[in-house]
Amino acid sequence: MCTRIRPEDIPTPVIELCQTLARNGQRGWVVGGCLRDILRGQPASDWDLATDARPEQVVKMFPRVIPTGIQHGTVTVRHRGNGYEVTTLRGEGAYSDGRRPDHVEYVSDIREDLSRRDFTINALAYDPVADQLEDPFAGLDDLSAKLIRAVGEPERRFSEDGLRVLRAARFAATLEFELDPATEAAIAPTLPTFQRVSAERVREEWLKALKARQPSRAFRVMRRTGILAATYAELAELDEAVFERALDTVDAAREPIVRLAALLYPLRARGVDAWLARYRFANAERERVLRMLRYAEPEGIVSAADVRRYARQVGRAFLDEVTELGALVGAEPLAERVRAIGDAPLTTRELALDGRTLMSELGLKPGPILGQLLELLLERVLDRPELNTREGLLALARTEYEARAERE
Ligand code: ATP
Ligand code: MG
């Protein structure tokens, strides 16, 4: 880890914003997560700025400003093709309902602004014009020690804003840091505040944790502190060994959504859908997770035709992730055999012949018979993909149609 920030660590456009603030008699600091990230040698995801200028002054200093959160003191300054959030220094006491600040109190001291931030490693500020780092809570030391430590008194800080405990767990995974013992001890007593955090914000933190190299680090913290019990009781109540096995599969999976399915796999028969809905996962994400849970461990697959019938049930788009999860949870490996399906038809729409051709060639009128014939052809093609030619299918359809006509 590097222990010093130099102006050259900060992108030129960001320095230019600070220079403009300085020319107008104010100051600008780079703050928060981006400093933490560059000190860790990681690229910063976004550059947040703090200033002692009031939002209405900032608006006047720059030609293109969007008042994104002006009631909380934040505006977005467009500069050289990017947007930068510039937030006026805010004081303590901003949080009172356990969720969002309900009123804003502007201050002029950067250290006061840093004191309302969540963790020491996030409570850093750097003025690139003065080349001056502010680190009032020894965040640099905690960065070196890889520790997540609340700024100030942890229990009080967690009671102000319930999201912080979950951020702590998420950072344990994304940064691969440990929680300072006093910070961790303050989680259990403040869970009632965490319980008031909106489902959307909880989901967003879960998704961030699931992108870490080892998401297990976050979920282990959540489980032992009670955060998990407050979010998903059935998951927290799993046997330790079952939970740990699930975490191994979570870490081994690649995509966040497969990792989520791996985490929930032990609960597959128990109302996972209701939980996903409650935490407002997108319909597409729910569908993917449910298919993975449902089909990861199929039974009775012997022949190549069985593999194709299974693939039809799963749906072609879901096959890769379903078989990935299957391999992780120790199902019979199917990836090879699923790949061998190639472009063999799995739906009636993929047949070499469509309903319109059936109508014109067999002289049929629109009606349920068309769909029935196509289904029947698909069944035959699932058994023998080589039958999938226009002529072959037409011949099959004719025979079948005539047999039916005779029966009636
Ligand atoms: P990441 O961007 O990786 O999610 P981050 O720490 O940058 O992590 P942001 O949500 O971008 O998180 O917040 C920027 C900064 O705002 C943080 O570094 C921290 O200083 C402060 N902050 C964010 N959320 C809170 C909170 N709930 N309580 C107190 N301070 C917060
Ligand atoms: Mg950030």
Side-chain angles (χ1 to χ4, degrees), residues 5 11 14 29-51 68-69 72-74 76 82-102 104-105 107 110-126 133-137 139-140 142-143 148-177 183 186-187 190 193-194 196-198 200-213 215 217-218 227 256:
I5 301 215
V14 175
W29 291 266
V30 178
V31 278
C34 47
L35 292 181
R36 176 197 73 214
D37 291 337
I38 56 176
L39 285 164
R40 292 169 58 240
Q42 303 286 317
S45 53
D46 42 17
W47 295 90
D48 293 326
L49 294 173
T51 181
T68 31
H72 304 120
T74 303
T76 299
N82 281 312
Y84 299 92
E85 285 198 351
V86 179
T87 304
T88 301
L89 303 182
R90 287 181 301 201
E92 265 203 281
Y95 293 87
S96 70
D97 71 344
R99 276 169 296 199
R100 298 242 85 193
D102 56 356
V104 197
E105 176 208 345
V107 299
I110 178 68
R111 293 180 163 238
E112 199 173 338
D113 179 274
L114 294 176
S115 73
R116 64 160 182 95
R117 292 173 185 268
D118 50 3
F119 302 111
T120 61
I121 54 172
N122 289 340
L124 301 167
Y126 176 68
L133 181 75
E134 301 289 344
D135 177 20
F137 305 102
L140 281 182
D142 286 336
L143 265 176
I148 299 160
R149 183 198 310 273
V151 167
E153 213 230 301
E155 230 183 279
R156 209 189 103 213
R157 304 311 313 288
F158 292 165
S159 307
E160 287 167 358
D161 176 1
L163 186 66
R164 291 175 184 157
V165 298
L166 184 53
R167 278 172 58 88
R170 186 255 291 185
F171 285 131
T174 54
L175 307 177
E176 307 196 348
F177 281 22
T183 295
I187 297 181
T190 56
T193 314
F194 167 67
R196 306 218 304 264
V197 174
S198 78
E200 287 81 356
R201 301 187 117 208
V202 171
R203 181 202 57 222
E204 285 313 303
E205 291 297 325
W206 274 52
L207 289 173
K208 285 183 179 177
L210 288 166
K211 287 187 191 140
R213 190 176 67 95
R217 292 171 182 260
I227 295 174

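Start at 1 and go down the list; that is how both ligands and their atoms are numbered. Computed from heavy atoms alone, side chains included, the values below leave out hydrogens, waters and symmetry copies. In what follows, residues are counted from 1 in the order of the sequence shown. Note that the structure is predicted; figures quoted are calculated from it, not measured.
- Closest heavy-atom approach to atom 2 (O) of ligand 1 among the candidates Ala150, Gly33, Ser45, Gly32: Ser45.
- In this structure, Phe171 has a heavy atom closer than 4.0 Å to ligand 1.
- The shortest N or O to N or O distance between Asp46 and ligand 1 is not below 3.5 Å.
- Here atom 17 (C) of ligand 1 lies nearest to Arg167 when heavy atoms of Arg36, Lys211, Glu204, Arg167 are compared.
- Considering backbone and side-chain atoms together, Leu163 places no N or O closer than 3.5 Å to any N or O of ligand 1.
- A salt bridge links Glu160 with Arg156: the distance from a Lys NZ or Arg NE/NH1/NH2 to an Asp or Glu carboxylate oxygen falls below 4.0 Å.
- In terms of modelled atom types and a separation under 3.5 Å, the side chain of Asp135 and the main chain of Leu140 share a donor-acceptor contact.
- If you take CG on Asp118 and CZ on Phe171, they are separated by 6.0 Å, rounding to the nearest 0.5 Å.
- For Arg170, every heavy-atom contact with ligand 1 shorter than 4.0 Å involves the side chain, none the backbone.
- The line from NE2 of His72 to CD of Glu85 is 12.0 Å long, rounded to the nearest 0.5 Å.
- When the options Arg201, Glu205, Arg164 are ranked by their closest heavy atom to atom 28 (N) of ligand 1, first place goes to Arg164.
- Contacts of Glu155 classified as salt bridge (charged side-chain N to carboxylate O under 4.0 Å, His left out), with partners at least two apart in sequence or in another chain: none.
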Exercise. What do the steps show when you test Trp47 against Asn82 for side chain to side chain contact (heavy atoms under 4.5 Å, CB included), and what is the final call?
Worked result: CA-CA 10 Å; Trp47 295 90; Asn82 281 312; over 6 Å; no
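- Residues satisfying the ring pair (Phe, Tyr, Trp, His ring centres under 6.0 Å) criterion with Trp206, sequence neighbours excluded, are Phe219, Trp275.
- The closest heavy-atom contact to atom 19 (C) of ligand 1, among the options Thr87, Asp118, Asp161, Leu124, comes from Asp118.
- Residue contacts with ligand 1 include Lys208, since one or more of its heavy atoms lies under 4.0 Å from the ligand.
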